[in-house]
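Residue numbers start from 1 in every chain, and the chains themselves are labelled A, B, ... in the order their sequence lines are given, proteins ahead of strands. Side chains are part of it too, since the values below use all heavy atoms of this structure and drop only hydrogens, waters and symmetry mates.
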2 protein chains.
Amino acid sequence: MRIAQVAPLYESVPPKGYGGTERVVSYLTEELVAMGHEVTLFASGDSVSAATLVPGVDQALRLNPVSDNPMVPHLLMLEDVFSREGQFDLVHSHVDALCYPFARRSGIPVLSTLHGRLDLESLDSLYQEYREQWVVSISDSQREALPDARWIGTVHHGLPRDLYRFHPEPGRYLAFIGRVSPEKRLDRAIEIATRCHLPLRIAAKVDPVDLEYFHEVIEPMLHHPLVAWIGELSDQSKDDFLGNALALLFPIDWPEPFGLTMIESLACGTPVVAWQHGSVSEIIEPGVTGCLCEDVGAAVRAVHRIRQLSRAACRESFERRFTARRMAEDYLALYRRVVTGGQSLPELKEAVL
Amino acid sequence: MRIAQVAPLYESVPPKGYGGTERVVSYLTEELVAMGHEVTLFASGDSVSAATLVPGVDQALRLNPVSDNPMVPHLLMLEDVFSREGQFDLVHSHVDALCYPFARRSGIPVLSTLHGRLDLESLDSLYQEYREQWVVSISDSQREALPDARWIGTVHHGLPRDLYRFHPEPGRYLAFIGRVSPEKRLDRAIEIATRCHLPLRIAAKVDPVDLEYFHEVIEPMLHHPLVAWIGELSDQSKDDFLGNALALLFPIDWPEPFGLTMIESLACGTPVVAWQHGSVSEIIEPGVTGCLCEDVGAAVRAVHRIRQLSRAACRESFERRFTARRMAEDYLALYRRVVTGGQSLPELKEAVL
């Protein structure tokens, strides 16, 4: 197929640091190219891809402090995309709302993956208005807040099969990765680790908006001798960091739309001890690849029993359910439905799972 | 004519406090209605107008802290506007870039007034792309940064003729109105007043982004016995504040696109001592309604001579050049050109001045 992938311009594809959406766009794009599809990637000019790259800006907007209004380059990119009617069989957008006025007025079939949380006030009216737009959720739970959008399927994220190595031996510490924001509950992770008398290694970043929370709540807890602050990690060091852990702690307190870290951990063979919010129960198979907990006591007991889980089973679950190839195949099935107008197929998420 | 006015949703029309764009949209809308035109105002639901109000949101976004993504209600408002093809002869947009993808794909004639400064990096490429869009500047100087946009005219702002009363007697203090941001140069105003041994009254607000500048630069200067801090003003108290002043100080250091305060001052009969930046030389007639200065020494000399200017001439200049009626008539001339496709008329700003 001739596919346009339209990425946000905030980060390069793939991103140099943080940036979940642009990372997934990269994995998907490269896999589609590897499968022989003709992919055009609309993204920031510092992106790296085997697809045909059409730069929307020279440099990712987050790294380019002179960009005064991020909406403008996105508008211009979308004008470019939709001026190319006939060049693509389908446009796959990852930029949400701004694409819909263009899509509505274009003859090119468009599919949008929604990467963020959807329980926001403005979105109900947005999807009431644009109810003809085909949208894809990244977990079933993500779409609960917006049942009436035109869902065509859920496609769980995937990683390149060989991005992370399988680490067969369980390590001696617990791992935490992510932003230090209240809903990630690093405080819970620290409590679990100290009650288990196990070291906790924290690979985290603190966004400016979270500095106050960090200084007030988290920083005082970092002095515990079992707690080690590692900072932000590259993909390479993430492999060792996750692979050498006994378990990943994912004690979140919010409706996580997907949670890429969980499948990165499984790819390394490391099981996950998580709170059952958002997508978690779709990703973790309890008793096989991790445990779903409701309080710290349950999480402590889960860590005590975690060696009973097979690390090979974690890796096997990743290879079966969370590779970029599986993701690309799921999307291709949806692309074909959108290109043919979605006819003859029920609009049920089960149909594509 | 059947005219749609499309206002930003950040403030009500007119705004309850600050908000230059929404204020001008209100003056224009009410004047067009008074002249017998059929005006539909797309604006926040707490707006007050004699036009037909179509609310884009219930409450102005700045006052409604639950609004999570301000772009979404603007998108929905624009879908509503452009779904009404046939109901309007013309759409007059005050929301800039977001309107252009809709305008390009619609059969309704559209005119956009650009209310902000235009010397921003992203705007060159924006107006390269949307070069078919008719745009109006609020001063000739404003458009210098974007000579290649499709300018159809400059329309200076106007105020309802009776909004401010003429105050024939010169007062005994100097006045400063505006935000306390570095480019407004309140520090200069204080220096001028103290060197003139005249009281300075400051009707100003401090935005959060300017707090550091306020504490570091301005606050230490406020202890001078001649300096009085008044705070933010309502329209009514502005009348007395400006009208009872000897002169308005407008010692700006940036390309002010228009500067509503200057014409408010003239409406009261109060001349203006200003720095020659941006629109200033188009608004102030030197030796008639004020003085254009290049340094503090010249401003001090100008204040010493300011009683030589006729306050009646200031009011007369306002009535001749800066009423809402004159503004509405200017816009109507442009509306007619856009509705007829702009043909037979040169795209020169002189043509409409």
Side-chain angles (χ1 to χ4, degrees), chain A residues 8-9 44-45 55-59 61 64-83 85 93 95-108 112 114-133 145-146 149, chain B residues 8-9 45 55-59 61 64-83 85 93 95-108 110 112 114-133 145-146 149:
Chain A
L9 298 170
S44 75
V57 286
D58 291 343
Q59 219 195 345
L61 295 176
N64 183 4
V66 292
S67 67
D68 46 77
N69 181 349
M71 190 184 69
V72 167
H74 285 95
L75 274 183
L76 299 178
M77 175 172 70
L78 288 163
E79 284 288 357
D80 190 7
V81 171
F82 286 95
S83 73
E85 196 158 338
S93 165
V95 301
D96 299 344
L98 201 56
C99 184
Y100 303 147
F102 293 90
R104 167 172 285 186
R105 292 162 174 81
S106 160
I108 312 181
S112 291
L114 305 187
H115 288 264
R117 64 189 292 179
L118 302 178
D119 53 338
L120 301 175
E121 187 203 18
S122 63
L123 295 183
D124 251 342
S125 49
L126 181 70
Y127 289 94
Q128 280 291 323
E129 172 65 35
Y130 292 108
R131 52 181 166 264
E132 84 283 4
Q133 294 297 314
L146 275 181
Chain B
L9 298 170
V57 286
D58 292 342
Q59 218 195 348
L61 295 177
N64 183 3
V66 290
S67 69
D68 45 76
N69 182 349
M71 188 184 70
V72 167
H74 285 95
L75 274 184
L76 298 179
M77 174 170 71
L78 288 163
E79 285 288 357
D80 191 8
V81 171
F82 286 95
S83 72
E85 197 158 337
S93 164
V95 301
D96 299 345
L98 201 56
C99 184
Y100 303 148
F102 293 90
R104 167 172 285 185
R105 293 163 175 80
S106 160
I108 311 180
V110 179
S112 292
L114 306 188
H115 288 264
R117 65 189 291 179
L118 302 178
D119 54 336
L120 301 175
E121 188 205 19
S122 64
L123 295 182
D124 251 341
S125 49
L126 181 70
Y127 289 95
Q128 280 292 324
E129 172 65 35
Y130 292 107
R131 51 181 167 263
E132 84 283 3
Q133 295 298 314
L146 275 181

For B:F82, ring-ring contact (aromatic ring centres under 6.0 Å, His included) partners two or more places apart: B:F102

Any donor-acceptor N/O pair, A:H74 side chain to A:L9 backbone, under 3.5 Å: yes

B:S106 side-chain N/O to B:A103 backbone N/O, donor-acceptor pair under 3.5 Å: no

Part of B:L120 within contact of chain A (heavy atom distance under 4.5 Å): both

side-chain contact (heavy atoms from CB on, under 4.5 Å) against A:R131, all qualifying residues, sequence neighbours excluded: A:Q128

Which portion of B:L78 sits near chain A, non-hydrogen atoms under 4.5 angstrom: neither

Option in B:E79, B:E129, B:R105 with maximal non-hydrogen atom pairs under 4.5 Å from chain A: B:E79

